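What you see is a predicted model, and the numbers here were worked out from it, not measured in a lab. Values reported hereafter were calculated over all heavy atoms of this structure, with side chains retained and with hydrogens, waters and symmetry mates removed.
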Amino acid sequence: MSENTVTDWEVLNSAHQALRTTVLGVAPEDWNRPSPCEQWTVTQVLQHAAGDQVAYAAAITGEPGPSENPFAPSGHLDEAPLAVVDRALQASANAWATVGEDVQDAPTPLPQGPMPAWLGVGACALDAAVHAWDIAVATGQPSPLTLTLARSLMPIATTIVEPLRAYGAYAPALEADTDDDVAALLYYLGRRPDWTA
């Protein structure tokens with residue numbers, strides 16, 4: 001990632017790196033493959049993930065949001081996938097770089113509205129990281145979710161995700177008896193760690 005996309009928020013840096021690295025690893029013929037996001041191709045997951053990052057940036061800066069509805073991605077890109085993700089990550093990083101750790105009402109595009117900065121940036125990171133995983137497993141890449149990242153994101157998930165399920169942003173949690181932190185996060189977000197196309 002460019003130095004311009006690195007912020008003081010380590011969880012966001014890690015999640016952004018996971019998403020960008022995963023996009024780089026997708027073969028040209030794999031963009032139309034099915035993904036863990038039901039009825040969405042890999043391209044649509046990318047559009048959704050990029051759109052969400054732009055939406056977080058727009059909530060903070062007041063600049064224009066995503067050009068299409070992230071929850072109804074078209075599946076058609078007008079430019080290279082890497083350009084799509086890089087522009088979105090740059091916008092998100094630039095926006096969050098203006099938000100201090102002590103901010104208690106950081107704007108977000110979530111139905112919950114403003115929230116403490118650590119939680120808002122964590123929600124943004126959670127979105128990028130879980131969609132990086134979606135793209136990775138759909139295209140035969142290793143999971144980009146590290147133990148450290150999963151452990152950082154789980155408290156965020158358990159704080160914000162329940163209300164979002166009603167909006168279709170996350171599937172219902174899956175029952176799981178596991179001491180694997182990465183698997184526990186995925187199950188909580190309604191994903192099967194052993195998912196295959």
Do Val26 and Arg33 come within less than 4.5 Å of each other through their side chains, counting heavy atoms only?
no
Between SG on residue Cys37 and CZ on residue Arg191, distance to nearest 0.5 Å
4.5 Å
Out of curiosity, His16 NE2 to Trp96 CH2, how far, rounded to the nearest 0.5 Å?
10.0 Å
Are Leu185 and Trp195 connected, step by step, through hydrophobic side chains (Ile, Leu, Val, Met, Phe, Trp, Tyr) whose heavy atoms are closer than 4.5 Å?
yes
Counting C-beta onward and ignoring hydrogens, is there a side-chain heavy-atom pair between Glu10 and Asn13 closer than 4.5 Å?
yes
Would you call Leu19 and Ile135 a side-chain contact if the rule is heavy atoms closer than 4.5 Å?
yes
Could you check whether any side-chain heavy atom of Val42 comes within less than 4.5 Å of a side-chain heavy atom of Asp30, counting everything from C-beta outward?
no
Which atom names give the shortest non-hydrogen contact between Val11 and Ser152, and what distance separates them?
CG2-CB, 4.0 Å
Out of the candidates Val85, Leu77, Val84, only one should pair with Pro81 under the side-chain contact (heavy atoms from CB on, under 4.5 Å) rule; please name it.
Leu77
Using atom types as modelled and distance alone, determine if a side-chain donor or acceptor of Trp133 lies under 3.5 Å from a backbone N or O of Pro144.
no
Heavy-atom closest pair (Val99 atom, Ala117 atom, distance to 0.1 Å) is CG1-CB, 3.7 Å
So with a 6.0 Å cut-off around CG of Asp78, is the heavy-atom count from everything else above 12?
no
Test your reading of the model: is there a side-chain donor-acceptor pair from Thr178 to the backbone of Ala183, 3.5 Å cut-off?
no
Modelled atom types, side-chain donor and acceptor of Thr22 and Gln141, under 3.5 Å:
no
Checking Gln53 side chain against Ala88 main chain: does a donor-acceptor pair fall under 3.5 Å?
no
Rounding to 0.5 Å, atoms OG1 (Thr61) and CG (Asn94) come to a distance of 9.5 Å
Does Glu79, at its CD atom, have more than 12 non-hydrogen atoms belonging to other residues, nucleotides or ligands within less than 6.0 Å?
yes
Distance-only check: which donor-acceptor pairs under 3.5 Å involve side-chain atoms of residues 158-172, not counting sequence neighbours?
residue : atom : partner : partner atom : Å
Thr158  : OG1  : Met154  : O            : 3.2
Thr158  : OG1  : Pro155  : O            : 3.2
Thr159  : OG1  : Pro155  : O            : 2.7
Glu162  : OE1  : Arg165  : NE           : 3.3
Glu162  : OE2  : Arg165  : NE           : 3.2
Glu162  : OE2  : Arg165  : NH2          : 3.2
Glu162  : OE2  : Tyr188  : OH           : 3.0
Arg165  : NH1  : Ala171  : O            : 2.3
Arg165  : NH1  : Tyr188  : O            : 3.2
Arg165  : NH2  : Tyr188  : O            : 2.7

Joint hydrophobic cluster, Trp9 plus Val54, side-chain heavy atoms closer than 4.5 Å
no
Val137 versus Pro36: any side-chain heavy-atom pair under 4.5 Å?
yes
Does CD in Gln39 sit with more than 12 non-hydrogen atoms of other residues, nucleotides or ligands closer than 6.0 Å?
no
Working to the nearest 0.5 Å, report the span between CG of Leu126 and CD1 of Ile156.
8.0 Å
Is there a chain of hydrophobic side chains (I, L, V, M, F, W, Y, each step under 4.5 Å between heavy atoms) that links Leu147 to Leu12?
yes
Hey, mind stepping through Gln47 and His76 against side chain to side chain donor-acceptor pair (under 3.5 Å) and telling me if it holds?
CA-CA 9 Å; Gln47 289 176 299; His76 303 288; over 6 Å; no
If you take all heavy atoms of Ala59 and Pro109, which pair is closest and at what distance?
CB-N, 3.8 Å
Pairs involving residues 111-131, ordered by first then second residue, that meet ring pair (Phe, Tyr, Trp, His ring centres under 6.0 Å) (sequence neighbours left out):
His48-His131
State the SG-CG distance between Cys124 and Leu119, to the nearest 0.5 angstrom.
12.0 Å
Taking all atoms of both residues into account, what is the closest heavy-atom pair of Ser14 and Leu149, and its distance?
CB-CD1, 3.9 Å
Of all heavy-atom pairs between Ala91 and Ala57, which one has the smallest distance, and what is that distance?
O-CB, 3.4 Å
So do Leu46 and Trp31 actually touch side chain to side chain, heavy atoms under 4.5 Å?
yes
Is the shortest side-chain heavy-atom distance between Met115 and Gln104 below 4.5 Å?
no
Would a 4.5 Å heavy-atom cut-off, applied to side chains only, mark Thr108 and Tyr56 as touching?
yes
Where do Ile60 and Pro107 come nearest, in terms of heavy atoms and distance?
CG1-O, 3.8 Å
